[in-house]
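Before any comments, here is the structure.
So you know, we letter chains A, B, ... as the sequences are listed, proteins then strands, and number each from 1.
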Number of protein chains: 2
Amino acid sequence: MYPDSIKNLIEAFKYFPGIGEKTAERLAFSVLDLDDEKVDLFVDSMKTIKSSIHPCPVCNTLTENEKCNVCMDQSRNQKVLCVVEDAKSVFLFDRLGSYHGMYHVLSGLISPLDGVNPEDIGIEKLVDRIKKDHFEEIILAFKPSIEGETTALYIKKILEGLNITISQIANGIPMGADMEYIDALTLERALTDRKKIS
Amino acid sequence: MYPDSIKNLIEAFKYFPGIGEKTAERLAFSVLDLDDEKVDLFVDSMKTIKSSIHPCPVCNTLTENEKCNVCMDQSRNQKVLCVVEDAKSVFLFDRLGSYHGMYHVLSGLISPLDGVNPEDIGIEKLVDRIKKDHFEEIILAFKPSIEGETTALYIKKILEGLNITISQIANGIPMGADMEYIDALTLERALTDRKKIS
């Protein structure tokens, strides 16, 4: 029904996660209304990102340089390491501006059900780095899920006896949330992890 | 915070309607996980659509050929013309497979508040075509809105005395809808436009 070039672009938009038929159609048609200049800019950005971005050899964060900005920054606290599940998390945490330690990015989380084992997410590289760089604290910052818990427990076990503080970011009720809309598991965790007001 | 090439792609994704900061971020990161082959296909489709698609000189539908498929198809009913507000509507109606007449695409709808006047949406070309091609019925298929009503009334007035049947697609309660969720205006329209069961 659609001319071929529209049909092809609709199919191409569906490569992206979370974009279905209707959204792909809407986006494909909107391209026709975009200035040629913007289409060129978009196309160039798509090509550039694939050629210029690569993982930092030290921490696996995405970077355009030989090493990432965090690993190059000598003013940061070299004794604290925040371990995250993907590169995006690094940008999320760093945007806060309150954490000044180092990062290490895993390739996802351990998930035996999906066939993802410790060796698949780069645990070995993490452990080597921790042993070599003499960190004093490791902060595990995974999403609260079975996979996150499994990965945290696995790392904790592997680092046993190394005299390093291992902590995990807090789970609980998000700021500004309405108590009645919080699920039971979160509520239970918030209760268990309660802290003294001094 | 983000490397430049990621930042640029996020900005570029925001050119598309309905894509905000968060979605643009998600899409930009997902490009990094796409195969090079898919990125190339996507980029090629973007470029091709801009160079190969143009409005049909007769009806303004988008086409890759000299004239669109509908205008070239001599087996269609040349006496009925369905007037729509954009090219996408042509594909929506034609997908139904139940309408076999011709189409004419306006460049939007008359909207005095937004400074869109009859001459801006190509009414003159429509009227010229109607007079030249001797249509017997004109079906106005605009979205139910003040702009749609204004445009329909304007066209009706301009074609007065030409001995052409002018009709408008039905408004009412959509099939399968729950009556309680239908707005008052639609309900009222459905009541006014009631039809006899013979």
For residues 154-178 of chain A, the salt bridge (charged side-chain N to carboxylate O under 4.0 Å, His left out) pairs (sequence neighbours left out) are none
Can you tell me which portion of [X] sits under 4.5 Å from chain A's heavy atoms? Options are side chain, backbone, both or neither.
X      : answer
I19(B) : side chain
D40(B) : neither
E11(B) : neither

Most heavy-atom pairs under 4.5 Å with chain A, out of T23(B), N8(B), V31(B), belong to V31(B)
Heaviest contributor of heavy-atom pairs below 4.5 Å to chain A, chosen from I10(B), L32(B), L41(B), is L32(B)
Notebook entry, point to check: With sequence neighbours left out, what residues match E136(B) under salt bridge (charged side-chain N to carboxylate O under 4.0 Å, His left out)?
Noted result: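 With neighbours one apart ignored, the set is empty.
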Interatomic distance, CG@D4(B) vs OG@S45(A), rounded to 0.5 Å, equals 11.0 Å
Inset, instruction - Give, for atom CD of E25(B) and atom CG of L92(A), the distance between the pair rounded to the nearest 0.5 Å. - result: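 CG of L92(A) is found 7.0 Å from CD of E25(B).
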Tell me, yes or no, whether the heavy-atom count around [X] atom [atom1], taken from other residues, nucleotides or ligands under 6.0 Å, exceeds 12.
X       : atom1 : value
E124(A) : CD    : no
E119(B) : CD    : yes
D128(B) : CG    : yes
I146(B) : CD1   : no
N163(A) : CG    : no
K131(A) : NZ    : no

Residues of residues 94-110 of chain B with a heavy atom under 4.5 Å from any heavy atom of chain A, in residue-number order, are D94(B), R95(B)
Fill in: Part of residues 47-77 of chain B lying next to chain A, heavy-atom separation under 4.5 Å
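Those residues of residues 47-77 of chain B which have a heavy atom under 4.5 Å from chain A are K47(B), T48(B), I49(B), K50(B), S52(B), I53(B), L62(B), T63(B), E64(B).
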- Message: I want to check something: taking the side chain as every heavy atom from C-beta on, are F29(A) and D86(B) in contact at a cut-off of under 4.5 Å?
- Response: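 They are not in side-chain contact.
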Can you confirm whether V43(A) sits close enough to F42(B) that some side-chain heavy atom of one is under 4.5 Å from a side-chain heavy atom of the other?
no
Tell me whether [X] shares a hydrophobic cluster with [Y], the cluster being built from Ile, Leu, Val, Met, Phe, Trp, Tyr side chains joined at under 4.5 Å.
X       : Y       : answer
V90(A)  : L9(B)   : no
F91(A)  : I169(A) : no
L162(B) : L140(B) : yes

- Message: Determine whether V39(A) and Y15(B) satisfy the following criterion, side-chain contact (heavy atoms from CB on, under 4.5 Å), listing intermediate values before the conclusion.
- Response: CA-CA 9 Å; V39(A) 171; Y15(B) 295 154; over 6 Å; no
